[in-house]
Amino acid sequence: MSQRYLHALVVILLSSSPLWAKKFYWDDPLPEEPKLVNLGDVQVRKLGNYYDYFYYSLATPGELNTKQHAVRSRAVNTLGEPMDGAWYTHRHYWHPMSLEDLARGVGGTTPPSTEGVWTVVSAKTQGVTPGFTMVDSKNRRYFVKFDPLANPEMTTAADMISARFLHALGYHVYDSYLIYFDRKQLILAPEVEVLDKKGRERNMTEQDLTEILLKTPKTKDGKYRALATVALPGKNVGPFLFHGIRWDDVNDSTPHEHRRDLRGYYVFCAWLNHDDSRAQNTLDMVVEQHGAKSVRHHLIDFGATLGSSTTRPNSPRAGGEYLFSWGPTLKEIGSLGLWVPHWAFAEYPHYPSIGRFEARVFDPERWYPEFPNPAFLNRLPDDEFWAAKQVMAFTDDQIRAIVKTGQISDPAAEEYLVDCLIQRRDKIGSTFFAKVLPLDLFVVRNGELAFEDLAARNNMGATGLLKVSWSRFDNETEQKRHFEYPEGFTIPVDSTPGLETAYYAADISREGDGRQTVTVYVRMRHGQPDVVGIERSW
Amino acid sequence: MRRANLWNPKVNVSRGCTSVFNRELPKLSSRFWFSACLPLLVVPCLFAQGDDSRAAAIQREREEAHRQVEPETMNRVEKLVYEVEDKKVLPRVNSGWNGFRAKIGGLPAGGGLAGGPEYYRDDLLSGNLNFRTSAELSTNLYQKYALQLSLPKLAGQHLFLDFHSVHRNYSRISYYGAGPKSVKEQRSNYRLEDTASDVTVGVRPTRMLRLGGSAGYVWVNTGPGTDSRLISTEKQFTPSQAPGIDRQTDFFRYGGFLQLDYRDDPRGPKSGGNYIAQYTWYHDTQFHAYGFQRLDVHLEQYIGLFNRRRVFALRARTTMTDTVAGQVLPFYMQPVLGGSDDLRGFRQFRFADQNMLNLTAEYRWEAFSGLDMAIFFDAGKVFPTHSQLNFSHLEGCGGFGLRFNLLNRTFIRMDFGWSREGLQAWFKIQRFVRTAPLGTAGAQPIPN
């Protein structure tokens, strides 16, 4: 007997798994990340463009999904939603934003003050995309970027528009403004160092500033147009990667290639043609909230989205193929160029303020960033659906309102961009809604399980006749026990006496087609039913 | 069922259990100890692991995930690449230091790998004056020293002025004899040493059109070639076969030119055309024996398909010369054909004569963003009289090539051409169809 007890003790004490392992906890589903742990020192991550490109192109970092072994997205609550926190915030899809809010973006209230001069405190004179950092009369710091000479409005408009879309889609982005100014608005702070085109590091002169402006287009009324982005709050600790975790951030526990918000980012990037969606265009900032330091993960630099490649219009290849990949390259070589990739058939009207952006040959399934991204590669149909439903949440008018913030002076160009975004949105919806059962927004209403058929809501044809099969769900063993219940979506009345909490699972599928299912878990607590979990299969 | 008396050890001794607890402590049953210890051991354990909530589970997951994470470090390669990028090594090499930078390549094929320092300023007179001077030496000891002053933006970019002076000393230029029937086995080599100074002035009435004139003076010297594998030209050919080999002269040259250029990107064209015609007079200022005129016509057309990912690049080029009565065209001024820029299946300068015709067609396609491939066919001939300007008796060759690009700029070109004379492989640090300079500086067999 005593041996038995001792064995039991040993087993209890040595067991690493929690004693209470179960599918749902009392606090599920969590809308927000649990309180973040206060961090100590966080190292500044250094990441080079060249290494980044070769590493991701030639190696396969992270735990990649295979046909035999696919890891479902993590860092989500039991409804399959990323939680509000360091990476993501539920916005437009869940709480529809007004046209004004959409256009305002993350801030919208702190444009550079025009009351005084703007002081340039650092600058980049080299290269074809010069820019500088300035401080306004209210001592606020802004990064200022310009359009290329041959494509006025293109880069700044793309940045403005995409930042607002990505903000509405839930990401942390910077606050940005379009500014128009005269040369006399700028003054130079003393002892600003620049690396000039002759390779010298020296004090910047007024002539350098003039030369920067010479490389930028002017508006019809002779002003310079630029994008001013507000410096993000906190301490810059470098970019985040699309695989692994940040070793010195204890709050970052899910490998990034398995994060839904990063896997789903593929769909948003495809929509906005953000082929430059590499780690270099992300930024981690250590912020302090309620006395605790934590890392907030941001997306930055959207100048190479839509039809822009920042310094020039996009290459026709952009979004159609990686810069390098073995398969297409070997096909191109082997066929002596007779094999023509699909993206080469695209047609682009000549809008210098748009660059190259189109919707006709765009295929959401065959969109590619510049080089492989482990999170994108790992995406599964439920990740795509999660993102597609958010893209589909933008109405035509809402898209138009956000595009307006790009202040594109050619109305035809602006309308073309709106049309492309609408068409691309619809392709995303029809492509990714077809891969899972497109039902969402489950709630219990008047004793019934209610939901939205997103395909029907977006005029893509109703999903069809649905059938539901109810089971009792044992939260401890995670076993389902089917029972006959002919009442359709009406929540079963709890018939298990003495149980404070009971769980039911509703397996929903199309009549005659059981491949795509949505399992909705309903928790009956003190007689009050709540949707507590959603799982999709395909 | 008998219930154990937990406070009376005697009750349980009969169970025959050798309790680990009962030697030094009062004899209590193991059941007692189990019951007593369980809450003491498990409850703290429970608290240590958190409460029964998702938030606690996530917290445990965070700790678990970081238990075995190693600090992030850069490997040596990553560090090196990062430093190169962070220190802006490539832009610094490209832009140079205080105007000084390295110049690589650009000498004729056969000279070997060439390089040297260049001093370049494009910021003089508020960016209106460009200054360039360079010195290059190749592995086969070819030398080139150049000085250039340009005012490309006069009169609101409608007027341009250029002064170009160059000294060249190429020690082993091939010469096979004049005429289309020259034989490979007669290959010889000579040293070409010349100094030229030319001034070009032109107008640009529209963005695509340029016309102007230029004048210059060229001092020419030739001598024995240094390639020990080949016979020197003066030993292979007599002065009647290679006019001017026995005595060299100086030329005053002048002429006019017209260019219509509507290529989409002159440094990496994929559509559009570039048409040049120029006429140049050469006056022999010493012997009045080698004066001639030269007409150059250069036509390039690019047809881009599938968003310019497939390009047909076509070029027709002819050079016709005419001598002043009683004078002859010196061998070192004969139009040449063969080599990396025209007949790629033949050796460099394989053919030379009074006139030259060259046709090339390339089909290029993008294999990936950094590499274009090409299939080409080149044809051409040299001929002694103008009446032979036709498409009969053309030499032909075909082949394929690789062009390594960065931002639509070819930085390495490899071509492999096959002809009746075998295979030729070319490795060049420049793109194909590099247009010669406009004006007199470009109106010579080996353009400056």
Side-chain angles (χ1 to χ4, degrees), chain A residues 1-3 5-6 8-9 12-13 18-20 25-28 30 33-35 37 43 45-51 54-55 77-78 126-127 195 197-200 211 245-248 250-254 315-317 321 323-325 328-329 332-333 336-337 340-341 343-346 348, chain B residues 15 17 19-20 29-31 33-34 37-38 41-42 45-46 49 52-66 69-72 74 77-78 81-82 84-86 88 91-92 95-99 121 123 127 306-310 363-371 373 375:
Chain A
M1 182 69 176
S2 62
Q3 271 185 329
Y5 291 137
L6 283 172
L9 264 175
I12 289 166
L13 295 174
L19 293 169
W20 50 85
Y25 293 93
W26 64 268
D27 55 347
D28 280 327
L30 281 186
E33 286 178 341
K35 188 180 173 192
V37 175
Q43 276 190 0
R45 173 182 275 136
K46 295 173 177 176
L47 185 67
N49 268 318
Y50 307 145
Y51 189 82
F54 285 109
Y55 184 52
N77 63 18
T78 47
Q126 271 199 319
L195 179 70
K197 58 188 173 187
K198 292 192 283 295
R200 293 180 306 193
E211 283 187 15
I245 59 177
R246 188 168 191 125
W247 74 276
D248 49 4
V250 72
N251 298 307
D252 184 19
S253 58
T254 301
S315 159
R317 168 185 286 269
E321 221 169 82
L323 291 178
F324 172 79
S325 57
T329 300
E332 295 263 17
I333 293 172
L336 302 179
V340 181
W343 49 264
F345 291 93
Y348 301 97
Chain B
R15 310 289 292 188
C17 170
S19 167
V20 291
S29 71
S30 53
R31 204 166 167 187
W33 286 111
F34 179 78
C37 291
L38 186 65
L41 292 170
V42 174
C45 185
L46 282 174
Q49 295 193 54
D52 186 4
S53 69
R54 179 68 63 188
I58 290 173
Q59 187 53 39
R60 286 193 299 275
E61 186 188 309
R62 286 171 177 165
E63 287 163 11
E64 182 65 30
H66 281 267
V69 176
E70 296 287 326
E72 200 174 291
M74 285 175 133
V77 176
E78 185 176 6
V81 173
Y82 178 81
V84 165
E85 191 176 343
D86 189 51
K88 299 183 172 61
R92 282 172 195 251
S95 56
W97 181 80
N98 276 340
R121 299 284 298 271
D123 56 348
F306 302 113
N307 273 306
R308 301 173 192 177
R309 303 302 100 178
R310 307 286 184 269
Y363 167 61
R364 299 175 191 162
W365 73 97
E366 186 181 277
F368 68 93
S369 58
L371 173 68
M373 302 197 67
I375 298 172

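Excluded from the calculations below are hydrogen atoms, water molecules and symmetry mates; all remaining heavy atoms, backbone and side chain alike, are included.
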Problem set entry | chain B interface, residue from Thr78(A), Ile245(A), Asn77(A) that has the most non-hydrogen pairs under 4.5 Å |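 Winner by heavy-atom pair count: Ile245(A).
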Problem set entry | Among the listed options Tyr348(A), Phe324(A), Trp247(A), the residue most often paired with chain B at heavy-atom distances under 4.5 Å |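 Ranked by contacts with chain B, first place is Trp247(A).
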Closest heavy-atom contact between [X] and [Y]?
| X | Y | value |
| --- | --- | --- |
| Ser53(B) | Asp27(A) | CB-OD2, 3.4 Å |
| Asp52(B) | Tyr25(A) | OD1-CD2, 3.3 Å |
| Gly48(A) | Tyr82(B) | N-CD1, 3.6 Å |

Exercise. Given that the side chain runs from C-beta out, which part of Leu30(A) has a heavy atom under 4.5 Å from chain B: side chain, backbone, both or neither?
Worked result: side chain
For this session: Tell me, for Arg45(A) versus chain B, whether the close heavy atoms (under 4.5 Å) come from the side chain, the backbone, both or neither.
Result: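 Just the side chain, heavy atoms under 4.5 Å.
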Exercise. Chain A heavy atoms under 4.5 Å from Glu366(B): which part of the residue, side chain, backbone, both or neither?
Worked result: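 Both parts, backbone and side chain.
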Is any side-chain heavy atom of [X] less than 4.5 Å from a side-chain heavy atom of [Y]?
| X | Y | result |
| --- | --- | --- |
| Leu323(A) | Phe368(B) | no |
| Arg62(B) | Pro34(A) | yes |
| Arg309(B) | Ser315(A) | yes |

Exercise. With respect to Val37(A), which candidate in Glu63(B), His66(B), Gln59(B) satisfies the side-chain contact (heavy atoms from CB on, under 4.5 Å) definition?
Worked result: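 Output: one option passes, namely Gln59(B).
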Exercise. Does Gly337(A) offer a backbone N or O that forms a donor-acceptor pair with the side chain of Tyr363(B) under 3.5 Å?
Worked result: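 Yes: the side chain of Tyr363(B) pairs with the backbone of Gly337(A).
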Exercise. Taking the side chain from Asn307(B) and the backbone from Ala346(A), do they hold a donor-acceptor pair closer than 3.5 Å?
Worked result: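 Confirmed, Asn307(B) side chain pairs with Ala346(A) backbone.
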Problem set entry | Arg310(B) and Glu332(A) ion-paired at < 4.0 Å |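 Answer for the salt bridge query: yes.
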For this session: Enter the distance from Glu85(B):CD to Tyr51(A):OH here, rounded to the nearest 0.5 Å.
Result: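 Here the rounded value is 13.0 Å.
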Seminar exercise, completed: To the nearest 0.5 Å, atom CD of Glu78(B) lies from atom OH of Tyr55(A) at 8.0 Å
Problem set entry | Worked check of side-chain contact (heavy atoms from CB on, under 4.5 Å) between Met373(B) and Ile333(A) | CA-CA 8 Å; Met373(B) 302 197 67; Ile333(A) 293 172; 3.3 Å; yes
For this session: Show the numbers, then the answer: is there a side-chain contact (heavy atoms from CB on, under 4.5 Å) between Glu61(B) and Thr254(A)?
Result: CA-CA 9 Å; Glu61(B) 186 188 309; Thr254(A) 301; 3.8 Å; yes
